[in-house]
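I have placed the structure first, in the form of structure tokens, so that the comments after it can refer back to it.
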Amino acid sequence: MNDEFTIRAALETESAQIKELVRVVGVNRLGLSWERFVVAVNPAGEVVACGQIKPHAENVMELASIANHPHYRGRGLARQIIEALLDKAPRPLYLMCLTHNAPLYEKFGFRAIQKNLPKYFQRMTKFFIVAEVFAQTGEDLLVMKLE
Ligand SMILES: CC(C)(COP(=O)(O)OP(=O)(O)OC[C@H]1O[C@@H](n2cnc3c(N)ncnc32)[C@H](O)[C@@H]1OP(=O)(O)O)[C@@H](O)C(=O)NCCC(=O)NCCS
């Protein structure tokens, strides 16, 4: 179904497109080194979807920056990007998401956790409570783990 899209490791020349895509979809704009990204590219050579494995202290790894441009949603691009990232990622692997996105990640075996959160996720969860996003959405932030 997605023959017209290429899923592959990002190129250095795509760094600005990745940052713009992340800005457009409204996910965390910190830590966007292009080297860690897998992207979906359309026939015009534009980056339309992306994701990365982001390292934190103490060897904690996060599936992060999962983003698809609104024009290209619902055709399996995020799924293909997540599959490509999971193929090479160590376990355990963590992520953070709003509650409405949890079913997407449950398809890959991620489960929400409340205990034994790595320090990075403890800090982010506390920060989120006072963050603007909560005021806007009224949704909870989940930390999920893939064993
Ligand atoms: C979430 C997002 C990346 C999904 O991208 P997408 O390319 O449309 O997703 P896909 O078409 O690959 O969907 C993959 C699967 O997840 C499902 N899915 C997608 N979004 C979902 C959601 N929010 N909740 C539940 N299921 C979802 C699809 O139905 C599909 O299921 P299937 O494989 O059984 O058919 C996209 O909507 C987006 O960029 N949203 C804004 C940014 C965001 O919230 N990112 C996630 C940060 S945690």
Side-chain angles (χ1 to χ4, degrees), residues 1-10 14-56 60-114 116-147:
M1 185 172 97
N2 288 309
D3 288 348
E4 72 266 43
F5 295 92
T6 306
I7 310 290
R8 58 157 171 75
E14 292 165 341
S15 177
Q17 288 187 73
I18 290 168
K19 287 175 182 161
E20 174 60 10
L21 177 60
V22 163
R23 187 194 66 78
V24 165
V25 306
V27 292
N28 186 354
R29 290 198 231 173
L30 300 176
L32 302 180
S33 296
W34 64 270
E35 297 97 322
R36 299 194 293 256
F37 274 78
V38 166
V39 291
V41 179
N42 70 9
E46 297 160 334
V47 172
V48 300
C50 68
Q52 67 161 322
I53 303 293
K54 196 196 253 188
H56 298 289
V60 170
M61 307 297 272
E62 178 187 14
L63 177 70
S65 314
I66 302 298
N68 188 353
H69 190 281
H71 291 170
Y72 296 92
R73 289 182 186 167
R75 51 177 100 192
L77 293 179
R79 179 176 50 73
Q80 290 182 74
I81 286 170
I82 293 168
E83 283 170 358
L85 289 165
L86 292 187
D87 201 34
K88 295 188 176 152
R91 309 290 192 272
L93 188 61
Y94 296 86
L95 64 80
M96 279 180 301
C97 68
L98 295 174
T99 44
H100 79 269
N101 278 325
L104 165 63
Y105 298 113
E106 284 168 354
K107 288 178 194 286
F108 297 94
F110 283 90
R111 296 291 175 260
I113 56 167
Q114 273 92 38
N116 301 322
L117 270 57
K119 287 198 176 95
Y120 170 79
F121 295 101
Q122 289 178 26
R123 280 198 307 274
M124 289 301 283
T125 308
K126 279 183 195 152
F127 173 72
F128 176 83
I129 291 167
V130 293
E132 193 183 349
V133 66
F134 181 66
Q136 285 174 355
T137 65
E139 281 193 68
D140 277 336
L141 182 71
L142 293 180
V143 177
M144 302 184 83
K145 181 179 183 183
L146 180 66
E147 300 278 2

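No experiment lies behind these values; they were computed from the predicted model shown. We count ligands from 1, going down the list as the structure has it; atoms in each ligand are counted the same way.
Contacts of ligand 1 (protein heavy-atom distance under 4.0 Å) are V25, V27, I66, A67, N68, R73, G74, R75, G76, L77, A78, R79, M96, C97, H100, N101, P103, L104, Y105, K107.
The main-chain N or O of F121 is never found under 3.5 Å from a side-chain atom of K126 such that the two would form a donor-acceptor pair.
You'll find the ring centres of Y94 and Y120 outside the 6.0 Å limit.
Ionic pairing of R8 and E14 is present here: one or more N-O contacts between side-chain nitrogen and carboxylate oxygen are shorter than 4.0 angstrom.
Side-chain contact between L85 and L63 is present, with heavy atoms from C-beta onward closer than 4.5 Å.
Once rounded to the nearest 0.5 Å, the distance linking CZ of F108 with CD1 of I82 reads 4.5 Å.
By the side-chain hydrogen bond (donor to acceptor under 3.5 Å, both in side chains) test, Q17 is found to be paired with no residue, residues two or more places apart in sequence or in another chain being considered.
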